Amino acid sequence: MIEERQPFLREVDVCVAALRDVLGESFPSPSQLVAAQNSLKSFNLPAGVVETDSFQLIGQRLENIFNRFVSETTVPTPLEHETIELAVDWLEQLATLYAEAIPEPRTLVSELIYTFDLVERSQGAVSLSALMTGVEDKPDLFIDDPEISVADCHAAERCDPFDDDPGFGLEFDLLQRTLNRPPAEGGVTADPFGDDPILSGEAVTEVAERVDPPYDVFADDPPLSEQPE
């Protein structure tokens, strides 16, 4: 199984060596960039055949970058340099996994592809230091304007519309209640039951005598002392 994978692993080694040659130079020569471009083209042909998709995904992104370097006669920026170096490390790790028939880490590889997307979108973007330098170099549009002074400005005087009104407060409220309260008429409050007749003790007795006592069911029984022994 490993012997069948050896031809492709040699392609990986050749491609990695060409990319390492470019990464070893701060300003790689055009011939180095072309050599890396050709190596990536040769690598991507068998990479599309093997069952591991990660080789083709990474190789195609690298080929697109080096095609731009060659066509525009540019060299990798520091950010592109780090991204290429990271991709080369991944190619070497994937080659080790491929030789041992270990499944590829698709999630981690997808993160690397996302990094390529971010680097591609950053092309032509102005760095933060350049933005700050541009802001500092711009003249102050208000430098010739006079300073604003409020020494001769006075706030408008306003009169109190309630200045003549009497003061309000707890004492004033109590005074108003005292003055406006009607005078008490005096006397004891009338008894609502004053006209009712008063029940005397005799009337109560008469009422009590008219009530018949309850019937005694044991009235005809002899006393207990007369019962025979």
Side-chain angles (χ1 to χ4, degrees), residues 1-140:
M1 180 67 68
I2 297 179
E3 289 75 10
E4 298 177 358
R5 300 170 183 256
Q6 287 301 322
F8 179 72
L9 293 176
R10 284 192 292 269
E11 290 288 341
V12 175
D13 293 338
V14 173
C15 181
V16 168
L19 295 174
R20 292 287 187 193
D21 185 44
V22 174
L23 294 174
E25 301 291 337
S26 300
F27 297 95
S29 63
S31 60
Q32 290 176 315
L33 296 175
V34 172
Q37 179 189 28
N38 294 332
S39 178
L40 285 167
K41 290 181 179 179
S42 301
F43 167 76
N44 285 330
L45 292 176
V49 180
V50 296
E51 61 273 15
T52 303
D53 298 334
S54 299
F55 286 113
Q56 185 180 15
L57 292 174
I58 298 175
Q60 190 60 52
R61 292 304 181 96
L62 288 172
E63 183 179 350
N64 294 340
I65 291 178
F66 276 86
N67 288 340
R68 178 165 51 82
F69 293 157
V70 174
S71 62
E72 298 179 1
T73 317
T74 57
V75 296
T77 63
L79 184 58
E80 290 173 334
H81 187 281
E82 294 181 3
T83 306
I84 295 171
E85 186 176 8
L86 180 61
V88 171
D89 292 339
W90 264 110
L91 288 177
E92 292 179 336
Q93 293 296 326
L94 288 173
T96 302
L97 299 177
Y98 180 73
E100 301 296 333
I102 299 175
E104 56 185 331
R106 293 179 179 271
T107 302
L108 298 178
V109 173
S110 63
E111 293 180 359
L112 175 63
I113 301 303
Y114 179 67
T115 303
F116 274 105
D117 293 337
L118 293 179
V119 173
E120 184 177 357
R121 294 175 184 177
S122 67
Q123 295 299 320
V126 182
S127 63
L128 180 60
S129 59
L131 289 175
M132 296 302 297
T133 303
V135 171
E136 293 175 357
D137 294 341
K138 290 182 180 179
D140 187 359

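Any value given below was found using the heavy atoms of this structure, including those in side chains, with hydrogens, waters and symmetry copies removed. Everything numeric here is computed off the predicted structure, so don't read it as measured data.
With rounding to the nearest 0.5 Å, the separation of CG in L9 from CD in E92 is 12.0 Å. Atom CG of L33 and atom OG1 of T74 lie 8.0 Å apart (nearest 0.5 Å). Interatomic distance, I102 CD1 to T52 OG1, rounded to the nearest 0.5 Å: 11.0 Å. With values rounded to the nearest 0.5 angstrom, C15 atom SG is found 13.0 Å from K41 atom NZ. The CD1 atom of I58 sits 13.0 Å away from atom CD1 of I84, with the distance rounded to the nearest 0.5 Å. Taking CD from E63 and CD from Q60, the interatomic distance works out to 5.0 Å, rounded to the nearest 0.5 Å.
Formation of a donor-acceptor pair under 3.5 Å by the N44 side chain with backbone atoms of L40 is found in this model. A donor-acceptor contact shorter than 3.5 Å links the side chain of E104 to the backbone of S54.
Side chains of Q93 and D89: no donor on one and acceptor on the other come within 3.5 Å.
Remark: E100 does not engage R5 in a salt bridge, criterion side-chain N to carboxylate O under 4.0 Å.
Within the 4.5 Å cutoff, no side-chain heavy atoms of L23 are placed close to those of P28. For the pair H81 and V75, the minimum side-chain heavy-atom distance is 4.5 Å or more. Inter-residue side-chain proximity for E120 and R68 is flagged as unmet; no heavy-atom pair is nearer than 4.5 Å. Put simply, the side chain of L91 reaches to within 4.5 Å of the side chain of F43, judged on heavy atoms. Looking at L97 and P103, their side chains never come closer than 4.5 Å, going by heavy atoms from C-beta outward. Counting only heavy atoms from C-beta outward, the side chains of L62 and L19 approach each other to under 4.5 Å.
Between A47 and V50, the closest heavy-atom pair is O-CG2, 3.3 Å. Closest heavy-atom contact between L45 and V49: O-CG2, 3.8 Å. What you find for A35 and A18 is that their closest heavy atoms are O-CB, 4.4 Å.
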Give the table of side-chain donor-acceptor pairs shorter than 3.5 Å for residues 107-115, with sequence neighbours excluded, one pair per line with atom names and distance.
residue	atom	partner	partner atom	Å
S110	OG	R106	O	3.4
S110	OG	T107	O	2.5
T115	OG1	E111	O	3.0

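Residues that satisfy the ring pair (Phe, Tyr, Trp, His ring centres under 6.0 Å) test with F116, not counting sequence neighbours, are absent from this structure. Listed by chain and residue number, F8, Y98 satisfy the ring pair (Phe, Tyr, Trp, His ring centres under 6.0 Å) test with F55 (two or more places apart in sequence, or in another chain).
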